[in-house]
Amino acid sequence: MQSKLKKVINPPEFLGILGGGQLGRFFTISAQKMGYSVVVFDPDKQSPASKIAEKHICKPYNDLKALDELKASCIAVTTEFENIPAETLKYLEKDIIIRPSSKAISIAQNRIKEKDFLKNLEMPVGTYVVIDSIESINNINKELRIFPGILKIAEFGYDGKGQIHVNNKTELEAAFKAFKSVPCTLELKLNLDSEFSIVLARSLNGEFIEYPPIHNTHNSGILEFSSVPNASISSLDKVYIGLTQRIANELSYVGVMAVEWFVADGQFFVNEIAPRPHNSGHFSIDACVYDQFDQQVLALTGNKLKQPEIEFPRSVMLNILGDLWFRDGSQKEPKFEMIAGLGVNLHLYEKAEPRIGRKMGHITILGLRNETQEDVMKRTLLIRKILWEN
Ligand code: ADP
Ligand code: MG
């Protein structure tokens, strides 16, 4: 294992990815572009990445025999999302390379560990308390300003799922019971001015590349738009990139990592760490020579990272959710043909069926030379309108 750790992994070796959603699919595209083959491990027969990968192991994440098959198929594995059981990662890590490490993922996949870790680093985090019993609710200090708050399950939440807004202890208790009393964090609901993310990659040698801070707009807890540049914080870019690098250094992180930041009442707070490429970084697929998934492959294989080489510094990404299929109440296909001639990049993930809130694809709108960022946003809103009104 020790000797494997130092070695650069060269094509046409197989690389492994745990999780076969859209992030796994973009990883697969990048890996194949560099000459690698990919084995996707995902229990879903129809997962987007498995449709294009060389090999698909279609078994549950705790199936040891299937994990042994993964070990036999490749020497290095990464993950597309943080909700892979920590035990699975530890089991694989005994024999093959896991980047980022199970330790880094185990912190990012648990909101309690994550918040405690950030607080210990003296990162700016909003007020929170751990809720893991009725007693912990009764013990909340009366002086603490924690309401209105958001109760979030510590593990397995995503896209705003596993969160309930609560205004007082009675609502908190009901919400905690609705979550079957699993460990949670209760966070003060901040008065958000804006949200942004920093996406960066750290190599085996501890070198960084980063993408410019990305301005994010959410709708019902799900990301809707991401745009660059993020003019509102441009004078502070270096500060937040520096803090995000420090988080990655403290985790001895190898791979792509994103940190979601809040701006509230003029102050900055870390929201959460994503131990993987991030939805907000998808603009890089079309706007940069080297996108976030290329960096994921480079970091995993022990290579030097590449500067992103941004070709379109002004761009907007619009997520396409399953909601669009239900725009008239009953299910019907979106009319993508109506935007085909408008110079946009449409990425569809080939998901088996649309569902409300499900990410089905995204569109990137690239700013042309004579366009301001406002122009690009206007075009994005027009495209959204066309899709919704037809
Ligand atoms: P997820 O893992 O689902 O992305 P987040 O904690 O990032 O969960 O929450 C999703 C979104 O909900 C955030 O991007 C933000 O818009 C909103 N949100 C989350 N926590 C807070 C908070 N403490 N105050 C205000 N808004 C919040
Ligand atoms: Mg989030």
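Sequence positions, counted from 1, serve as the residue numbers for this chain. As the structure lists them, so they are numbered: ligands from 1, and atoms in each ligand from 1.
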(message) Which residue in the set F262, W261, Y240 passes ring pair (Phe, Tyr, Trp, His ring centres under 6.0 Å) when paired with F268?
(response)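 Filter result, single survivor: Y240.
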
(message) Ring centres under 6.0 Å, that's the criterion: do Y211 and H278 meet it?
(response) no

(message) Regarding K55 and E69, does a basic nitrogen lie under 4.0 Å from an acidic carboxylate oxygen?
(response) yes

(request) Taking only Lys NZ, Arg NE, NH1 and NH2, and the carboxylate oxygens of Asp or Glu, determine whether E187 and K115 approach each other closer than 4.0 Å. (result)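 Salt bridge: yes.
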
(request) Kindly tell me which protein residues have any non-hydrogen atom under 4.0 angstrom away from an atom of ligand 1, grouped by chain and ordered by number? (result) R111, I150, K152, Y158, D159, G160, Q163, E187, L188, K189, L190, L192, E195, H218, G221, E260, F262, N271, E272

(message) Which label fits F81 and Y61: parallel for a plane angle under 30°, tilted from 30 to 60°, or perpendicular past 60°?
(response) tilted

Donor on one side chain, acceptor on other, [X] and [Y], under 3.5 Å:
X: N249; Y: R202; result: yes
X: Q245; Y: E210; result: yes
X: T372; Y: D375; result: yes

(message) Under the side chain to side chain donor-acceptor pair (under 3.5 Å) test against R25, which residue among E80, E350, H347 passes?
(response) E350

(message) Give me the number of protein N, O or S atoms whose distance to the Mg ion (ligand 2) is under 2.8 Å.
(response) 3

